[in-house]
Amino acid sequence: MNLKQIGILAVILMTTMALKSQDIAGDWKGTLDVQGMQMEIIFHIANENGVLTTTIDVPAQGATGIPIESTEFSENTLKISSSQMQMSYEGTLADNTVNGTYKQAGMELPLTLNKFESKLPGNPDLVSSEEELAKLAAYDKGDYKYDVADYFAKPKASSFQLSPDGKYMSYMEKAEDGKRHVYVKEIVTGEIKRAIEEKEELIKGYGWVNNERLIYGMDKGGDENIHIYATNLDGSNDMDLTPFDGVKAMILNSLKDQKDYIIVGLNKNNPQVFEPYKLNIVTGDLVQLFENTDPKNPIQDYEFDKDGELRGYSKLVDGITNQFYYKDLETGEFNLLKTMNWDDTFAVVGFAYDMDDKNIAYVATNLDSDKARIVLYDLKYDKIIKEVFSNPDYDATGMSRSRKRNYEIDYFSYTGEKSVKVPVSETYKKLHAKMEKQFPNMEFGIVDFDDDETQYLIITGSDKLVGTYYTYDVAKDKFTLLYDLMPQLNPEDMAEMRPITFKSRDGYTIHGYITLPEATLEGKKVPMIVNPHGGPQGIRDSWGFNPEAQLFASRGYATLQINFRISGGYGKKFLQAGFNEVGRKVMDDIEDGVKYVIEQGWIDEDKIAIYGASHGGYATLMGLIKTPDLYTCGVDYVGVSNIFTLFDSMPEYWKPFLKIMYKVWYDLNDEEQATIAKEVSPVFQVDKIKKPLFVVQGANDPRVNINESDQIVSALRAKGFDVPYMVKYNEGHGFAREENRLELYKYMLGFFAKHLK
């Protein structure tokens, strides 16, 4: 059985057959030995009024609850089959064991099933029933122009890309069953072929490696252990290139000049650290390029050049010190170049391929400044040659160069109130000016182009427009509309997202955004939803189309987003000001933002909710605790409730960064800080929560374990609180599946309507 055939296990459909014995009902599991690979298979067999129904789980693939096409049980013989998948199982029941044979695609494998008691993650008894949540959704009553699906249904087509030679355009297209397959269109002939079929697991992303082959990524039920797959343009030779159970893969370099290769990072030798491999995307051959053998002092970043040569790496020493090593091109040895704090920046943006000296690179650094800037750097002699870009108020975020034009710099970028690109090359200056004229008052960006830079894909958007794709033909000097991602939403009906700035109570300048519904234009005060971002460190909210804020505005709610201290993009001092202040001064900044917008006369101060995900979910809980009279209600989405158990349950590959987590949150080994951590862990402060709460969780979340949500729900219900609790067992850190997202926002709107209207 090959890897493609193994993957077929994840797509099976259901019918039922009559039950002739009660003994077979229950949960059964066994292990297939597939060419030395152990793969657990679980059947859940139920008897409903004399009719058998069966579903299958394949934990190694994150597949759960997949219906079986046919199930029979007679004279102690169990038969399970799917004609569509060319799969069958037949075995004989003896006590609590079924001994039999599993068949698929011409292969026959022994499979012994043993009865067991199936256990879902967390405590399923806490989860609200569908009926209870449906009653909650019913509170969202009104004659609204747009419904939840208008904002959160995935676009009919999206993720447009060009092949390197510009002959093909690829895109994801949604089928009637909600699956998003990848198609490839030959531009000249218009011929379209399906290259990638989305089955049970979601395609997390895809891209071109060369003119003949695409790669894509999938995890297992949201566990974030991404596998990298590759396929030909017609869907043939589809392969799992990283077929390692419990291993996370990431792409490190694309190697444009070696068309069949990419460099990937894998934690297969040690789950706590990642090592680089050169991967052949045609054959699947893997060659390890470097070892990362010390999880206590792990290499965390690798610097490869365009030829795939490892030129440098960053090592985290003792959990908080960052060391940058650079390769001596004469001896091949890696020498220590920089020693700095973990929160300092010194990162190679790209080597200066337009120069004769291979030791010259563009580096992003804040070692001698508050804001990150981009400099031209001599790595051999460890010195700055010159600064090439900086901004006095914001961190530089990147640069773009032309591979065709000998790596000439096209533009630098940073994010202020809005995203900003600063043109450099004459070629890009002309194109930028054309886009400014063609798309006035819009943000625009180049999402892809062919190697010869003759065809471009451009996306435009604003706070009222989610995104529209255009093509630009250089020879014809012509922009052509390609696709509107959300044609069902009229920009004239959308709400304005306004940048705001205010002073915190201790003097910091804080930035943020407020999205205001139409009623505020008429001078009315409206209810508001405060929406703290995740992270918390290094993340920030930005201007642009926000489907949550627009959905809330359609129901008459304002949405407030605050880039509190510890947010990224505002310099090192602002980031550090939030260290060991999570749940304290970070919350002060949010409260000061609420006070500011109330003072502007926009908000009904008696109707303010707080809602967020991850750290935002934590901030929701802390908001209800720290300022119980400020908020009317809250929604905690995959949020932390207990800092102690958060650290205990983190993924293996986060454990080398535990000391950094202590710096950001609190050092639990320090008695004073551990005391503070308990004071700002919501689960220990539930007596202070007086307002209604709705909790949402993905059962397979590797970052914020389901136990975080179970704890807060259990604690609140123990004191008599009615806490609606939504859990999805095929999701991780946030809901990726369309059907789950639609349910979430329907329930959330009902919750807000119940308490804010």
Side-chain angles (χ1 to χ4, degrees), residues 318-320 341-343 504-508 510 530 532-539 562-568 572-594 610 612-631 634 636 638-650 654-691 693 695 703-705 707-712 714-716 719:
D318 295 328
I320 53 173
N341 294 328
W342 68 270
D343 54 333
S504 70
R505 64 190 68 180
D506 57 351
Y508 280 91
I510 309 291
V530 181
H533 65 68
Q537 76 278 12
I539 309 296
I562 300 298
N563 286 327
F564 39 77
R565 71 190 69 198
I566 212 172
S567 298
K572 184 163 50 177
K573 180 181 177 183
F574 190 78
L575 179 77
Q576 294 171 340
F579 293 170
N580 297 150
E581 293 293 350
V582 177
R584 300 193 295 169
K585 289 184 179 179
V586 167
M587 296 304 301
D588 291 347
D589 292 346
I590 296 170
E591 294 156 24
D592 292 345
V594 173
I610 183 168
S614 194
H615 165 266
Y618 165 83
T620 293
L621 297 175
M622 281 307 302
L624 296 178
I625 290 166
K626 187 172 182 288
T627 49
D629 296 328
L630 182 61
Y631 300 111
D636 162 23
V638 295
V640 175
S641 69
N642 185 337
I643 296 171
F644 296 84
T645 54
L646 169 71
F647 292 165
D648 288 340
S649 63
M650 65 177 56
W654 280 17
K655 289 183 178 178
F657 307 102
L658 185 58
K659 287 186 179 179
I660 291 177
M661 295 281 284
Y662 287 161
K663 290 289 185 180
V664 172
W665 291 73
Y666 297 96
D667 187 347
L668 305 185
N669 298 307
D670 180 282
E671 184 176 351
E672 182 179 347
Q673 288 207 12
T675 300
I676 297 172
K678 187 170 184 179
E679 292 172 353
V680 296
S681 287
V683 75
F684 300 116
Q685 310 294 327
V686 291
D687 287 343
K688 297 178 182 177
I689 296 179
K690 309 295 183 184
K691 302 297 177 61
L693 176 68
V695 179
R703 308 186 196 188
V704 178
N705 189 278
N707 184 44
E708 294 297 310
S709 291
D710 278 3
Q711 287 181 77
I712 200 71
S714 296
L716 284 169
K719 55 176 281 190

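Nearest heavy atom pair, residue Gly319 against residue Ile660, reads O-CG1, 3.2 Å. Nearest heavy atoms, Ala677 versus Tyr666: CB-CB, 3.9 Å. Considering all non-hydrogen atoms of both residues, Leu575 and Gly538 come closest at CD1-N, 3.6 Å. For Met661 against Met650, the heavy-atom pair with the smallest separation is CE-CE, 4.0 Å. Here the shortest heavy-atom pairing between Phe574 and Ser567 reads CD2-O, 3.8 Å. Across Ile566 and Gly578, no two heavy atoms sit closer than the pair CD1-O, 3.5 Å.
Side-chain atoms of Tyr631 and Thr620, non-hydrogen and from C-beta on, never get closer than 4.5 Å to each other. Asp343 is not listed as a side-chain neighbour of Gln537, based on a closest heavy-atom distance of 4.5 Å or more. Between Asp588 and Glu581, every side-chain heavy-atom pair lies at or beyond the 4.5 Å cut-off. Two residues are said to be in side-chain contact when any heavy atoms from C-beta on lie closer than 4.5 Å; Arg505 and Glu591 meet this criterion.
Atom NZ of Lys691 is surrounded by more than 12 heavy atoms from other residues, nucleotides or ligands within 6.0 Å. Within a 6.0 Å sphere centred on NZ of Lys663, heavy atoms belonging to other residues, nucleotides or ligands number 12 at most.
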Show every donor-acceptor pair shorter than 3.5 Å between a side-chain atom in residues 612-619 and any protein atom, with sequence neighbours excluded, or say none if there are none.
unit_1, atom_1, unit_2, atom_2, d
Ser614, OG, His733, NE2, 3.0
His615, ND1, His533, O, 3.0
Tyr618, OH, Val680, O, 2.7

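Lys719 places a side-chain N or O within donor-acceptor distance of the main-chain N or O of Val686, the cut-off being under 3.5 Å. At least one donor-acceptor pair closer than 3.5 Å links the side chain of Asn705 to the backbone N or O of Asn707. For Lys690 (side chain) and Pro628 (main-chain N/O), no donor-acceptor pair under 3.5 Å exists by modelled atom type. Of the possible donor and acceptor atoms, none in the side chain of Glu708 sits under 3.5 Å from a partner among the backbone N and O of Val638. One N or O on the side chain of Asn580 and one on the backbone of Tyr662 form a donor-acceptor pair closer than 3.5 Å. Remark: the backbone N or O of Asp318 is paired with a side-chain donor or acceptor of Lys659 at under 3.5 angstrom.
To the nearest 0.5 Å, atom CG of residue Leu668 and atom CD1 of residue Ile676 are 11.0 Å apart. Taking CE from Met622 and OG from Ser681, the interatomic distance works out to 8.5 Å, rounded to the nearest 0.5 Å. The CG atom of Asn341 sits 8.0 Å away from the NZ atom of Lys572 when rounded to the nearest 0.5 Å. Summarising the geometry, atom CD belonging to Gln711 is positioned 4.5 Å from atom CG belonging to Asn642; distances are rounded to the nearest 0.5 Å. Of the inter-residue distances, the one linking Leu624 atom CG with Asp629 atom CG reads 11.0 Å to the nearest 0.5 angstrom. Separating the CG atom in Asp636 from the CG atom in Leu621 is a distance of 4.0 Å, to the nearest 0.5 Å.
Applying the side-chain contact (heavy atoms from CB on, under 4.5 Å) criterion to Ser504, with sequence neighbours excluded, gives Asp506, Tyr508, Ile510, Arg565, Asp589, Asp592.
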Audit row: Phe684, Ile643, side chain to side chain contact (heavy atoms under 4.5 Å, CB included) steps and yes/no: CA-CA 10 Å; Phe684 300 116; Ile643 296 171; over 6 Å; no
CA sep, side-chain torsions, deciding dist, call: Lys678, Phe644, side chain to side chain contact (heavy atoms under 4.5 Å, CB included): CA-CA 8 Å; Lys678 187 170 184 179; Phe644 296 84; 4.0 Å; yes
